[in-house]
Amino acid sequence: MFGLAHIISPLTIDEFLVTYSGKRAVHVPGPSEKFEHLFGWNDVNTFLNGCRPSFEGVKLVHDTKSLPQTELARMSHWLSKGATLVINHVHHIDPITERFADIFAKEMNAAVNINAYISFPTHQGFDCHYDTHDVWIIQTAGAKEWKVFEPTRKFPLDRDPAEDKSRQTKPTEGEYLSCTLTPGDMLYIPRGHWHYALSSDPCIHLTVSHDNRSGIDFLNWLLNDWRDREEFLREDFPVALVNDLGGDRPSALLDAHLARFTSYMAELVQRDGLKEQLLHWAQVENRTRPTFQLPELAQLDREPIGQDVLFEAAPAQKLVPHVDANGQIQLIARGRVVLLSNVPRAIVDALLQGHPFSGASLLTAAPQAAWSQVQRMLTDLFVAGLIVLVKPED
């Protein structure tokens with residue numbers, strides 16, 4: 001029902017990753033019921049009838065232009081003229097779509113966003129454009145024709161000065177993929193690939209996007225991390241009065257510093273543990289929305305966690321154990337790192353087995369551990385939102 005394998009079926013994951021991911025758009029037809037559990041007409045109406053008229057997550061687009069928020073008061077007028085209704089971050093308002101996003105984010109190791117587009121015939125809502133992230137078009141109602149063109153700049157980045165789309169020539173013909181999506185279909189479009197769509201009848205599609213992790217992103221993260229620990233990287237480059245810039249000093253000092261800098265950087269990127277740093281970064285940057293359980297979360301001071309209270313990992317959370325330089329165990333989660341000070345590894349392994357657990361069941365894995373130690377760990381993980389209560393009605 002959820003996850004990459006379901007979205008791309010009958011394609012296999014290997015086929016998708018090798019042939020299409022980041023390379024080519026692909027249309028995957030599916031049975032009409034494939035995505036029927038996701039955001040449909042009833043969900044759209046329930047949301048619109050319950051939200052504030054000026055809700056900032058909603059906008060109207062007509063003839064490729066966004067209308068002022070005040071025009072939401074005249075929604076029926078604009079929709080009758082073929083405007084597109086956009087509901088941003090629909091996974092924040094619909095629990096089923098949120099579950100879909102969480103599982104997809106867990107698998108892709110990247111933050112996921114889902115917007116809903118409600119389109120009507122006769123007008124093209126959005127101009128031909130490309131995105132700086134991959135997009136997955138999930139059709140839940142009606143039919144929509146799509147055209148996809150080759151990129152003019154491969155692997156574009158968000159907030160890249162070179163990404164001035166107004167100065168780029170938009171393709172008008174020569175698409176390499178043309179398809180019509182109907183309920184149950186999926187269209188994957190890599191970042192940078194130009195595309196546009198036109199509705200043939202009232203329809204709904206979800207645009208699922210996720211943050212791509214580029215080498216530039218990883219280097220920026222590493223340099224921010226190294227800035228505090230690597231004194232040499234904070235040293236000045238000796239460019240004052242250098243003759244190559246119109247001064248009267250030879251560039252020997254600059255040449256020597258640049259050679260040292262090149263050698264230093266080569267040594268840094270070959271240090272042991274770089275792969276682990278990359279995986280740590282990808283995990284921690286892939287944040288989840290906070291998980292709250294009331295009233296229990298607000299009563300921990302008065303009612304400490306008991307040994308028989310049942311817990312499980314938070315939905316779609318990913319917990320990876322890691323031993324730090326001091327020999328202490330960390331749980332690297334989506335969005336945070338929690339230190340489990342002096343907790344035996346056997347207890348951590350028991351916690352990560354994938355089924356509900358209690359303090360009592362964890363203690364059986366390490367009978368020598370003190371209950372106060374396990375209680376503190378469970379409290380920290382519960383407050384951090386990494387584990388949740390298993391309630392009787394569940």
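No experiment lies behind these values; they were computed from the predicted model shown.
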Tell me whether Arg376 is salt-bridged to Asp380, with the criterion being a basic N under 4.0 Å from an acidic carboxylate O. yes

Should Phe357 and Leu389 be regarded as members of a common hydrophobic cluster, given that ILVMFWY residues are connected when their side-chain heavy atoms come within less than 4.5 Å of each other, either directly or indirectly? yes

For Phe16 and Trp136, take the angle between the two ring planes, folded into 0 to 90°, and tell me which bin it lands in: parallel under 30, tilted 30 to 60, perpendicular over 60. tilted

Is the side chain of Gln375 donor-acceptor paired with the backbone N or O of Ile305 at a distance under 3.5 Å, no angle test? yes

Work out which heavy atom in Arg287 is nearest to a heavy atom in Gly335; give both atom names and the distance. NH1-O, 3.0 Å

Cut-off 3.5 Å, side chains only: do Lys318 and Asn109 have a donor facing an acceptor? yes

Neighbour count above 12 (heavy atom, 6.0 Å) for Asn42 CG: no

Worked verdict on Leu38 versus Thr97 for side-chain contact (heavy atoms from CB on, under 4.5 Å): CA-CA 6 Å; Leu38 292 175; Thr97 309; 4.2 Å; yes

Nearest-0.5 Å distance that lies between atom OH in Tyr264 and atom CG in Leu268: 5.5 Å

Please confirm whether the backbone N or O of Gly22 pairs with a side-chain atom of Tyr188, one donor and one acceptor, at under 3.5 Å? yes

I need the minimum non-hydrogen distance between Leu351 and Leu362, along with the two atoms involved. N-CD2, 3.7 Å

Examine distances only and state if a side-chain atom of Ser263 and a backbone atom of Ala259 form a donor-acceptor pair shorter than 3.5 Å. no

Report yes or no: do Thr46 and Asp43 form a side-chain donor-acceptor pair below 3.5 Å? no

Less than 4.5 Å apart, any side-chain heavy atom of Val309 and any of Ser358? no

Can you tell if the side chain of His210 reaches within under 4.5 Å of the side chain of Asn212, non-hydrogen atoms only? yes

Are side-chain heavy atoms of His205 and Thr207 found at a separation under 4.5 Å? yes

To the nearest 0.5 angstrom, please state how far the CG atom of Leu219 sits from the CG atom of Asn224. 11.0 Å

Tell me if a side-chain donor or acceptor on Ser9 pairs with a main-chain N or O of His6 at a distance below 3.5 Å. no

Quick one: does Lys34's side chain have a donor or acceptor within less than 3.5 Å of a partner on Ile7's backbone? yes

Go through the side-chain N and O atoms of His195 and Asp131 and say whether any donor and acceptor fall under 3.5 Å apart. yes

Just wondering, do His129 and Tyr196 contact through their side chains at under 4.5 Å, heavy atoms? no

Verify the cluster assignment for Ile137 and Ile8: are they in a single hydrophobic cluster under the rule of side-chain heavy atoms below 4.5 Å apart? no

Does the ring center of Phe100 lie less than 6.0 Å from the ring center of His91? no

Could you check Ser200 against Glu145 for side-chain contact (heavy atoms from CB on, under 4.5 Å), going step by step and ending with a plain yes or no? CA-CA 7 Å; Ser200 55; Glu145 182 183 0; over 6 Å; no

Between Gln373 and Met377, does a side-chain contact (heavy atoms from CB on, under 4.5 Å) hold up when you go through it step by step? CA-CA 6 Å; Gln373 196 175 38; Met377 178 194 72; over 6 Å; no

Indicate yes or no for a side-chain donor-acceptor contact from Gln328 to the backbone of Asn342 under 3.5 Å, with no hydrogens or angles considered. yes

I'd like to know whether the aromatic ring centres of His62 and Phe120 sit less than 6.0 Å apart in this structure. no

Are the side chain of Ser214 and the backbone N or O of Asp217 linked by a donor-acceptor pair below 3.5 Å? yes

With Ile118, which of Leu48, Leu60, Val86, Ile87 fulfils side-chain contact (heavy atoms from CB on, under 4.5 Å)? Ile87

Within 45° of the axis and under 6.0 Å from the centre of the six-membered ring of Trp281, does NZ or CZ of Arg213 qualify? yes

Would you give the length of the straight line joining atom CZ of Phe218 to atom CG of Leu274, rounded to the nearest 0.5 angstrom? 4.5 Å

In terms of heavy-atom contacts, does NZ of Lys23 have more than 12 from other residues, nucleotides or ligands at under 6.0 Å? yes

Would Gln283 and Arg334 satisfy side-chain contact (heavy atoms from CB on, under 4.5 Å), going step by step from the backbone distance to the final call? CA-CA 5 Å; Gln283 174 82 323; Arg334 291 181 54 199; 3.9 Å; yes

When you look at CD of Gln368, are more than 12 heavy atoms from neighbouring residues, nucleotides or ligands closer to it than 6.0 Å? yes

For this output row, return yes or no: ring centroids of Tyr176 and His193 closer than 6.0 angstrom. yes

Hydrophobic clusters here meaning ILVMFWY residues chained together by side-chain heavy-atom distances under 4.5 Å, can you tell me if Leu386 and Val320 are in one? no

Hey, quick one: are Ile189 and Leu206 part of the same hydrophobic cluster, counting side-chain heavy atoms closer than 4.5 Å, chains of contacts allowed? no

Any side-chain heavy atom of Val148 sitting closer than 4.5 Å to one from Glu175? no

So which heavy atom on Leu4 is nearest to which on Glu107, and how close? N-OE1, 2.6 Å

Answer whether the closest heavy-atom distance between the side chains of Leu187 and Leu177 falls below 4.5 Å. yes

What pair of heavy atoms forms the shortest contact from Ala101 to Ile114, and how long is it? CB-CD1, 3.8 Å

Would Trp78 and Leu72 show up in the same hydrophobic cluster when neighbours are defined by side-chain heavy atoms closer than 4.5 Å? yes

Say you draw a straight line from CD of Gln69 to CD of Glu71; how long is it, rounded to the nearest 0.5 Å? 10.5 Å

Regarding Arg234 and Glu230, does a basic nitrogen lie under 4.0 Å from an acidic carboxylate oxygen? no

Keeping Arg191 on the side-chain end and Pro156 on the backbone end, is there a donor-acceptor pair under 3.5 Å? yes

Non-hydrogen atoms of Ala350 and Ala365 that approach each other most closely: CB-CB, 3.9 Å

Nearest atoms (heavy-atom pairs only) where Val26 meets Leu11: CG2-CD1, 4.1 Å

So, do His257 and Phe232 sit near enough that their side-chain heavy atoms are less than 4.5 Å apart? yes

Could you tell me whether Phe47 and Phe39 have their ring centroids closer than 6.0 angstrom? no

Short question: side chain of Asn45, backbone of Trp41 - any donor-acceptor pair under 3.5 Å? yes

Say whether, by atom type as modelled, one donor and one acceptor occur between the side chain of Thr12 and the main chain of Glu15 under 3.5 angstrom. yes

Mutual orientation of the aromatic rings belonging to His37 and Phe2 [parallel < 30°, tilted 30-60°, perpendicular > 60°]: perpendicular

As an exercise, state the distance from CH2 of Trp146 to CG of Asp185, rounded to the nearest 0.5 Å. 12.5 Å

Any side-chain donor near an acceptor of the partner, Asn113 and His89, under 3.5 Å: yes

Are His27 and Leu181 side-chain neighbours, meaning at least one heavy-atom pair lies under 4.5 Å? yes

Nearest-0.5 Å distance that lies between atom NZ in Lys65 and atom CG in Asp127: 8.5 Å

